Amino acid sequence: MVGATATATEMQNNFGRYLNIVMGGEEVIVTKNGKEVGRFVPKGAAVSYLTDSLTGILKGAEDLDAAREARLKEKYEIAD
(Lines give C-alpha, C1' and ligand atoms only; values in the text may rest on other atoms or scores of the structure.)
Protein backbone atom coordinates (compact mmCIF):
# COMPACT_ATOMS: atom_id res chain seq x y z
CA MET A 1 0.00 0.00 0.00
CA VAL A 2 1.39 3.39 -1.00
CA GLY A 3 1.71 5.66 2.00
CA ALA A 4 3.29 8.69 0.35
CA THR A 5 4.95 10.13 -2.71
CA ALA A 6 8.04 12.30 -2.27
CA THR A 7 10.50 14.06 -4.51
CA ALA A 8 14.14 13.03 -4.14
CA THR A 9 14.82 16.33 -2.38
CA GLU A 10 11.90 15.86 0.04
CA MET A 11 13.11 12.34 0.76
CA GLN A 12 16.62 13.59 1.48
CA ASN A 13 15.45 16.47 3.68
CA ASN A 14 12.80 14.47 5.58
CA PHE A 15 14.22 10.96 5.64
CA GLY A 16 13.05 10.25 9.19
CA ARG A 17 9.45 11.03 8.28
CA TYR A 18 9.51 8.67 5.30
CA LEU A 19 11.35 6.02 7.29
CA ASN A 20 8.50 6.06 9.82
CA ILE A 21 5.97 5.60 7.00
CA VAL A 22 7.87 2.55 5.76
CA MET A 23 8.27 1.18 9.27
CA GLY A 24 4.49 1.47 9.53
CA GLY A 25 4.16 -1.00 6.65
CA GLU A 26 3.53 1.41 3.79
CA GLU A 27 5.70 2.27 0.81
CA VAL A 28 6.97 5.62 -0.40
CA ILE A 29 7.25 6.38 -4.10
CA VAL A 30 10.28 8.57 -4.87
CA THR A 31 10.17 10.91 -7.87
CA LYS A 32 12.67 13.11 -9.66
CA ASN A 33 11.61 15.66 -12.25
CA GLY A 34 8.07 14.31 -12.02
CA LYS A 35 9.00 10.71 -12.85
CA GLU A 36 9.06 7.75 -10.50
CA VAL A 37 12.64 6.67 -9.87
CA GLY A 38 12.21 4.26 -7.01
CA ARG A 39 10.22 2.94 -4.11
CA PHE A 40 11.10 2.77 -0.45
CA VAL A 41 9.34 -0.38 0.75
CA PRO A 42 9.05 -2.40 3.97
CA LYS A 43 11.33 -5.44 4.11
CA GLY A 44 8.45 -7.92 3.76
CA ALA A 45 7.20 -6.18 0.64
CA ALA A 46 10.68 -6.28 -0.93
CA VAL A 47 10.77 -10.06 -0.54
CA SER A 48 7.28 -10.25 -2.03
CA TYR A 49 8.35 -8.17 -5.06
CA LEU A 50 11.29 -10.50 -5.63
CA THR A 51 9.28 -13.71 -5.40
CA ASP A 52 6.50 -12.25 -7.55
CA SER A 53 9.02 -11.30 -10.22
CA LEU A 54 10.43 -14.83 -10.27
CA THR A 55 7.04 -16.54 -10.47
CA GLY A 56 6.85 -18.57 -13.64
CA ILE A 57 10.50 -18.26 -14.62
CA LEU A 58 11.31 -21.74 -13.41
CA LYS A 59 7.87 -23.20 -14.06
CA GLY A 60 8.31 -26.46 -15.93
CA ALA A 61 12.10 -26.44 -15.55
CA GLU A 62 12.41 -29.80 -13.85
CA ASP A 63 16.14 -30.12 -14.38
CA LEU A 64 17.53 -26.82 -13.11
CA ASP A 65 21.12 -27.61 -14.13
CA ALA A 66 20.05 -28.36 -17.70
CA ALA A 67 17.88 -25.24 -17.81
CA ARG A 68 20.77 -23.12 -16.53
CA GLU A 69 23.18 -24.61 -19.05
CA ALA A 70 20.73 -23.99 -21.91
CA ARG A 71 20.24 -20.35 -20.85
CA LEU A 72 24.00 -19.79 -20.63
CA LYS A 73 24.55 -21.36 -24.05
CA GLU A 74 21.85 -19.16 -25.51
CA LYS A 75 23.17 -16.04 -23.81
CA TYR A 76 26.77 -16.58 -24.82
CA GLU A 77 26.03 -18.40 -28.09
CA ILE A 78 28.09 -21.42 -27.13
CA ALA A 79 28.00 -24.20 -29.70
CA ASP A 80 27.74 -27.83 -28.59
Side-chain angles (χ1 to χ4, degrees):
M1 173 182 231
V2 176
T5 299
T7 66
T9 302
E10 289 172 332
M11 184 77 159
Q12 180 178 352
N13 293 338
N14 300 293
F15 184 76
R17 174 177 176 243
Y18 295 110
L19 179 60
N20 284 332
I21 291 171
V22 171
M23 289 171 55
E26 297 181 309
E27 68 181 52
V28 176
I29 296 173
V30 182
T31 63
K32 184 158 182 100
N33 299 322
K35 295 182 181 180
E36 182 179 331
V37 295
R39 291 178 181 240
F40 191 34
V41 298
K43 182 179 179 182
V47 171
S48 176
Y49 283 131
L50 177 60
T51 55
D52 289 350
S53 68
L54 293 174
T55 301
I57 289 178
L58 297 177
K59 187 176 183 178
E62 297 166 8
D63 184 348
L64 296 179
D65 290 330
R68 178 180 175 273
E69 185 177 334
R71 282 194 308 272
L72 288 173
K73 283 182 179 179
E74 181 180 313
K75 182 174 182 177
Y76 296 106
E77 299 178 22
I78 299 171
D80 285 328

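As the structure is a prediction and not an experimental result, all values here were calculated from the model.
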> Using modelled atom types and a 3.5 Å cut-off, is there a donor and acceptor pairing between side-chain atoms of Thr31 and backbone atoms of Gly34?
no

> Any chance you could pull the hydrophobic cluster mates of Ile29, using side-chain heavy atoms under 4.5 angstrom and chaining through other members?
Val2

> Would you give the length of the straight line joining atom CG of Asn14 to atom OG1 of Thr9, rounded to the nearest 0.5 angstrom?
10.5 Å

> Stepwise, does the side chain to side chain contact (heavy atoms under 4.5 Å, CB included) test hold for Val28 with Val22?
CA-CA 7 Å; Val28 176; Val22 171; 4.0 Å; yes

> Indicate the atoms forming the closest heavy-atom contact of Tyr18 with Glu10, along with that distance.
CE1-O, 3.6 Å

> Could you tell me which non-hydrogen atom of Ile21 sits nearest to which non-hydrogen atom of Gly3, and how far apart they are?
CG2-CA, 4.2 Å

> Let's go through Phe40 and Met11 carefully: what are the C-alpha distance in whole Å and the side-chain angles of both, what is the deciding distance for side chain to side chain contact (heavy atoms under 4.5 Å, CB included) to 0.1 Å, and is it a yes or a no?
CA-CA 10 Å; Phe40 191 34; Met11 184 77 159; 3.2 Å; yes

